[in-house]
Each structure stands twice: as structure tokens, then as C-alpha cells.
Number of protein chains: 2
Amino acid sequence: MTKPEQDRNISSSFAKGLAVLAVFDAATPSMTLAEIARRTRQDRATARRGALTLVQAGYLRQQGRMLSLTPRVLALAGGFLQANQFGRRVQPILNQHARKIDAEVSLATLDQGRVLLLAQSTTEHGPITYGFTAGAHIPLVHTSLGRMLMACLAQEEAAALLESADIPQHTEQSRRDAAEILPQITKARSQGYCLTDSEFEPGIIGYAVPVSRPGQTPVVVGSSAPRGSDTGKNTEALLQALQICAADLRQTNVVEDL
Amino acid sequence: MTKPEQDRNISSSFAKGLAVLAVFDAATPSMTLAEIARRTRQDRATARRGALTLVQAGYLRQQGRMLSLTPRVLALAGGFLQANQFGRRVQPILNQHARKIDAEVSLATLDQGRVLLLAQSTTEHGPITYGFTAGAHIPLVHTSLGRMLMACLAQEEAAALLESADIPQHTEQSRRDAAEILPQITKARSQGYCLTDSEFEPGIIGYAVPVSRPGQTPVVVGSSAPRGSDTGKNTEALLQALQICAADLRQTNVVEDL
DNA sequence: TTGACTTGGTTCGTTATACGTACTTATGAT
DNA sequence: ATCATAAGTACGTATAACGAACCAAGTCAA
């Protein structure tokens with residue numbers, strides 16, 4: 001037939017099941033079977049089998065007709081975090097610098113065109129907290145982390161990614177034109193850091209610098225602070241602190257291969 | 001035939017694939033195909049299909065003949081953490097009390113008979129850090145967290161769990177006899193807290209108190225500190241702080257249903 | 001060197017199994 | 001009541017997962 005040569009090395013049922021697990025994100029923490037089927041574009045019966053299998057495996061729990069994730073999914077992430085020594089090597093560095101600059105410091109990478117938060121300092125001092133956690137997806141085009149990540153890519157890749165991304169309007173200052181944003185990315189790449197001003201949260205300036213070396217999987221660290229009177233002076237200090245943080249992280253070699 | 005009546009609602013291929021994903025834990029962060037097959041007790045060809053599917057889905061990466069987890073698994077955990085407001089509600093509470101008592105505070109639950117770390121304060125002050133992260137499995141029988149978790153179960157359940165658990169010898173002080181440990185659990189249940197002394201790390205005292213209400217899924221918070229001259233006085237203060245921490249967590253209602 | 005062993009990859013016939021349609025039974029809102 | 005949506009059940013069919021058998025390449029010991 002005109003069948004697209006189904007790869008015998010790939011288990012399609014497994015792939016479909018994984019898709020079911022993956023639809024549970026921050027936006028939709030608990031869903032009905034019908035909803036899962038719709039979002040995964042799977043047949044209801046198929047989605048149901050996948051979901052019930054996940055329930056039996058302990059990754060989903062069913063209360064009434066709603067399905068939601070169980071803590072067991074954390075164990076999957078735990079494997080990654082432990083393997084890469086996040087607890088022992090990464091987190092201390094983030095915390096140390098966070099305390100120094102008195103603001104939250106975040107480590108992020110790209111995951112299927114979205115910004116994936118890998119780790120985050122969790123000292124209490126920071127004036128702002130968005131409530132993000134490791135594993136959270138954050139906006140791509142209007143955050144310093146996202147733009148710096150795109151700047152880690154080659155120009156064409158960044159342009160393509162930006163093109164395919166949707167551009168929401170978080171604040172009045174959010175730039176909405178890709179033609180206006182791309183130069184910002186180019187600039188970030190050449191100067192080695194990225195600043196955003198009020199494009200995600202009004203009055204908040206975002207700072208980000210790269211951690212990964214050119215060619216590697218993009219990884220960046222960033223922070224944010226409210227715009228104040230001494231912003232100019234602070235910017236200098238913050239960026240410098242982030243650069244040191246990035247250097248410390250590079251030395252651990254844990255971000256070598258993500 | 002004598003077939004064990006395979007449930008038509010469960011996708012066995014999917015379940016097998018999940019098993020492949022789950023073998024990647026802290027002990028074995030990267031494995032070969034043959035190793036995966038052995039540990040999952042699957043046919044080599046079957047394990048290979050599962051692993052390749054995971055690679056294609058982006059959860060595993062292949063370098064040479066070694067397979068390891070990608071950061072994408074964090075996104076799965078992120079769904080759970082965001083859904084339960086860990087970043088916004090849980091983490092701040094843990095940090096706050098950690099700072100007060102100047103030690104790491106951990107939140108844990110039971111997952112298939114093992115202790116699963118849900119979250120952890122990450123202030124830098126604490127004198128000791130084991131490098132555990134959210135999603136890590138920690139010892140069950142020789143930690144205060146583990147024993148307090150067992151104490152949250154009914155006596156028979158706890159006994160059964162203890163019976164089935166293996167009892168390693170982390171230190172010279174590690175009690176190795178279940179008949180000696182069970183009373184400790186009973187005691188923890190009746191007095192509402194649990195202490196362990198040097199059974200996991202020499203010279204370290206572990207403290208834990210329950211968070212969940214009786215009947216709910218067991219959840220506990222705990223901390224640890226080196227044994228000092230003023231231990232007795234500290235114990236009082238630490239336990240009290242943990243109790244308050246637990247009460248604060250209860251008020252958030254986020255641990256209601258895990 | 002040889003030989004025994006492990007690993008990764010491929011092929012392929014068989015059969016188990018996942019699929020999806022169709023139908024029935026809840027649930028809930030208007 | 002009706003209409004709409006969700007969940008559960010059943011089953012015939014097509015397919016896709018299975019695992020045995022195979023080859024090739026590497027590893028280690030004798």
C-alpha cells in the first residue's frame with residue numbers, strides 16, 4: 001500500500017502512551033479521558049488504554065473521572081537529576097550566587113522549542129518569585145532566558161525557531177514583531193548576554209548569560225530584578241555575577257552533555 | 001489456553017516501554033541495550049524497541065552504545081510540581097523553616113515501598129547536604145523520614161513493608177533486626193515524631209514528623225543535624241520547628257491528595 | 001593465534017494485541 | 001423532559017509487537 005514505511009524499530013503503542021503522559025502539563029494538571037483523547041488526537045479507546053496503563057503503572061491516579069499525575073513521575077526526573085549531580089554540584093552553585101546578588105537564579109535549556117527550567121536557586125531573599133520549578137516550561141520569546149537560549153543557536157536556527165513560535169502579549173511592552181525580536185537575539189549572541197525589560201512582567205528586568213559552549217546543547221543561567229533607580233549600576237554587577245556563576249557551572253562539567 | 005486473562009484495557013507494550021524508562025535511576029544513570037534488557041527482564045529485541053522509541057520521543061539519548069536520560073524527563077515532573085503548586089506554596093515553607101533551624105528540611109512520601117523525596121529546602125546554611133534532589137529515593141529503614149512514613153501506615157502494613165524491605169548496614173549503628181526496628185516505628189506513631197541516631201550517617205541525628213493526616217497518603221517532613229553537646233535542647237527546638245512546618249504545609253492543602 | 005562470550009543490529013513468520021467502530025450506560029446541564 | 005458530553009463494553013480485523021535465529025563486531029582468556 002501507500003503506507004509510510006512504518007519503522008519496525010519503534011513501538012507505536014508505546015509512543016502513543018508516552019504522548020498521553022506528556023499532555024499533563026502545568027496548564028492542564030488533571031483531565032478527563034475525553035480531554036486526553038482530544039489533546040493527543042488519539043481515538044478515545046486508544047487514549048483510554050494508555051491512561052489506564054499509566055494508572056496501573058502508578059504514574060496516573062484516577063479520582064472520579066479526573067486523571068492526574070502522581071508523585072511517581074518525580075522518580076523519573078530524579079534519575080536525571082542524580083545522574084547529573086544536580087543536588088551536589090549544580091544547586092549549591094546556583095544558591096551561592098543567588099545569595100550574593102539577592103535574587104533568584106535559574107538554569108534553563110531548550111526542549112522542543114520551549115524553555116525548560118532545569119534548576120533554580122531557592123533562597124528566600126529574592127524579591128520576586130514566579131512559582132516556577134524545575135521542569136517548568138517558561139515563555140520563549142519574551143524572557144531573557146529564552147532569548148539567550150535562541151542566541152546560542154545558529155542565526156538561521158534561531159530565526160526558524162522564532163518564526164514557528166507563537167508570540168503572546170504578556171505586557172504592553174512585549175514586542176510582538178519577530179522582525180523586531182530577531183535583532184535582539186543577534187545582539188545577545190554577539191555581546192554574550194541578554195537583557196529584557198518588562199516584556200514578561202511589567203517593571204521587571206531579565207538578565208541571562210550562556211553556560212554552554214558554542215555548539216553544545218544550549219544552556220543558560222538568568223535572573224531578574226525590578227527596575228530601580230540604580231538600575232544601570234546593578235545591571236553591571238548582576239551580569240558579572242551571572243558570568244561567574246556560568247563559569248563555575250562550566251567547571252563542573254555537568255552541563256557538558258545535556 | 002491457560003492464558004492469565006490479559007486485560008484488554010491495558011497496553012502491555014506501553015507498560016513494557018515504561019519499565020525501560022524506569023530502570024534509569026541514580027544507581028545506573030546510563031546503560032547499554034543489553035543491560036536494559038537484563039534489568040527489565042525483557043527480550044533484547046523488545047527492550048531495544050522500547051529504548052529506541054524513547055530516543056525518538058526525546059526522553060533518552062544515545063551516545064555510543066550508552067543510553068541515558070535527557071532533560072525532557074524533567075518536563076514530566078514539572079507537570080506534577082506545577083499542578084500541586086510546589087514552587088509557590090511548598091518550597092517557600094520549606095525554605096523558611098530551614099533558615100530558622102539552620103538545616104536542610106525535606107518533604108517525602110512513599111512510592112512503591114521506597115522513600116521518595118518530593119522537595120527539599122535549598123538554603124546554603126545547612127552543615128550537611130547529601131546531594132539528594134526531588135525525585136530521589138532514599139533509604140527506608142534507617143532514616144527518620146522512612147521510619148516516620150512507615151509509622152503513618154497501619155501497624156500491619158508497616159510490618160509487612162518492613163518485612164519485605166532489605167536492610168542494609170549503612171553504619172555500625174544501623175539496626176539490622178526487623179524485630180528491633182518495628183518497635184521504633186510503633187513508638188514514632190504514638191509519639192508523633194521519629195528520631196534516628198547514626199543509623200544512616202555516623203554522628204548524624206535524623207528528625208521527622210508527619211504532615212499527612214491519618215488515612216491519607218503518608219507524607220512527612222524531616223531534617224537532620226550532627227549530634228552535639230546541646231543535643232537534648234536542640235532536639236526539642238528542632239522537633240517543634242518541624243511540627244510548625246508540617247502544620248503550615250497542611251494548611252496549604254497541597255498534600256491533601258498525593 | 002584460537003575460541004568462548006557479549007553486544008548490537010537485522011530479518012521474518014507467527015500470533016498476540018492494539019485498534020477503532022458501534023453500542024450502551026452514566027452524568028450533567030438547560 | 002431533551003440534548004450533549006463522558007465513560008464503559010464488546011468484538012472483528014488488521015497490524016504491529018514478539019522472539020527466535022541469524023550475522024557482524026568487539027572483548028577477553030588461554
Side-chain angles (χ1 to χ4, degrees), chain A residues 1-25 27-70 257, chain B residues 1-24 27-70 83 257:
Chain A
M1 289 310 228
T2 55
K3 270 297 155 55
E5 181 69 18
Q6 162 73 357
D7 188 346
R8 299 266 277 168
N9 297 324
I10 300 296
S11 167
S12 64
S13 342
F14 182 24
K16 285 176 194 166
L18 281 174
V20 170
L21 185 57
V23 289
F24 289 87
D25 61 353
T28 56
S30 77
M31 325 170 62
T32 67
L33 279 175
E35 216 167 339
I36 295 172
R38 257 179 281 130
R39 299 181 84 98
T40 58
R41 292 145 185 274
Q42 293 178 7
D43 186 89
R44 255 209 15 253
T46 303
R48 181 168 180 267
R49 274 187 287 272
L52 290 182
T53 305
L54 284 166
V55 169
Q56 196 202 248
Y59 293 105
L60 287 185
R61 73 173 324 204
Q62 198 168 15
Q63 18 200 2
R65 48 176 50 183
M66 300 309 272
L67 292 152
S68 53
L69 294 171
T70 71
D257 47 354
Chain B
M1 291 308 215
T2 54
K3 271 299 157 50
E5 182 66 22
Q6 162 72 354
D7 188 347
R8 300 263 278 168
N9 297 324
I10 301 294
S11 167
S12 65
S13 343
F14 181 25
K16 285 176 195 167
L18 282 174
V20 170
L21 185 57
V23 289
F24 288 87
T28 56
S30 76
M31 324 171 64
T32 67
L33 280 175
E35 216 167 337
I36 294 172
R38 257 178 284 134
R39 299 181 85 99
T40 58
R41 291 143 183 276
Q42 293 178 7
D43 187 272
R44 270 222 340 271
T46 303
R48 181 168 180 268
R49 276 187 286 272
L52 290 183
T53 305
L54 284 166
V55 169
Q56 197 201 241
Y59 292 106
L60 287 186
R61 73 173 324 205
Q62 199 167 13
Q63 19 200 0
R65 48 177 50 183
M66 299 309 272
L67 291 153
S68 53
L69 294 170
T70 71
D257 46 355

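Letters A, B, ... mirror the listed sequences (proteins, then strands); counts begin at 1.
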Q: Indicate whether OP1 or OP2 belonging to C:dA16 is found under 4.0 Å from a side-chain N or O atom of B:S12.
A: no
Q | For atom CG of B:L52 and atom P of D:dA16, their distance in whole Å | A | 17 Å
Q. Under a 4.5 Å cut-off applied to non-hydrogen side-chain atoms, are A:M66 and A:T32 in contact?
A. yes
Q) Think B:S13 has a side-chain N or O under 4.0 angstrom from the OP1 or OP2 of C:dA18? A) yes
Q | Smallest separation among heavy atoms of A:F24 and A:S30, with atom names | A | CE2-CA, 4.3 Å
(Q) Distance criterion of 3.5 Å, no angle test: do you see the side chain of A:R8 paired donor-to-acceptor with the base of D:dG19? (A) no
Q. Is the backbone of A:V20 close enough, under 3.5 Å, to the side chain of A:T40 for a donor and an acceptor to pair up by distance?
A. no
Q | Protein-nucleotide distance (B:N9, atom CG; C:dT17, atom C1'), rounded to Å | A | 13 Å
Q) C:dT7 C1' sits how many Å from B:M66 CE, rounded? A) 12 Å
(Q) Whole angstroms only, please: what is the CZ-P distance between A:R65 and C:dG28? (A) 6 Å
Q. Is the side chain of A:T53 donor-acceptor paired with the backbone N or O of B:S11 at a distance under 3.5 Å, no angle test?
A. yes
Q. For DNA chain C, which residues in residues 27-48 of chain B have a heavy atom at a distance below 4.0 Å?
A. B:T32, B:L33, B:A34, B:R38, B:R44, B:R48
Q. Where is the tightest heavy-atom contact between A:L18 and B:A57, given as atom of each residue plus distance?
A. CD1-CB, 4.0 Å
Q.
What's the separation between atom CD in A:Q62 and atom CG in A:L52, rounded to the nearest 0.5 Å?
A. 6.0 Å
Q | Residue met sooner reading DNA chain D from 5', once A:Q62 and A:R49 are mapped to nucleotides | A | A:Q62
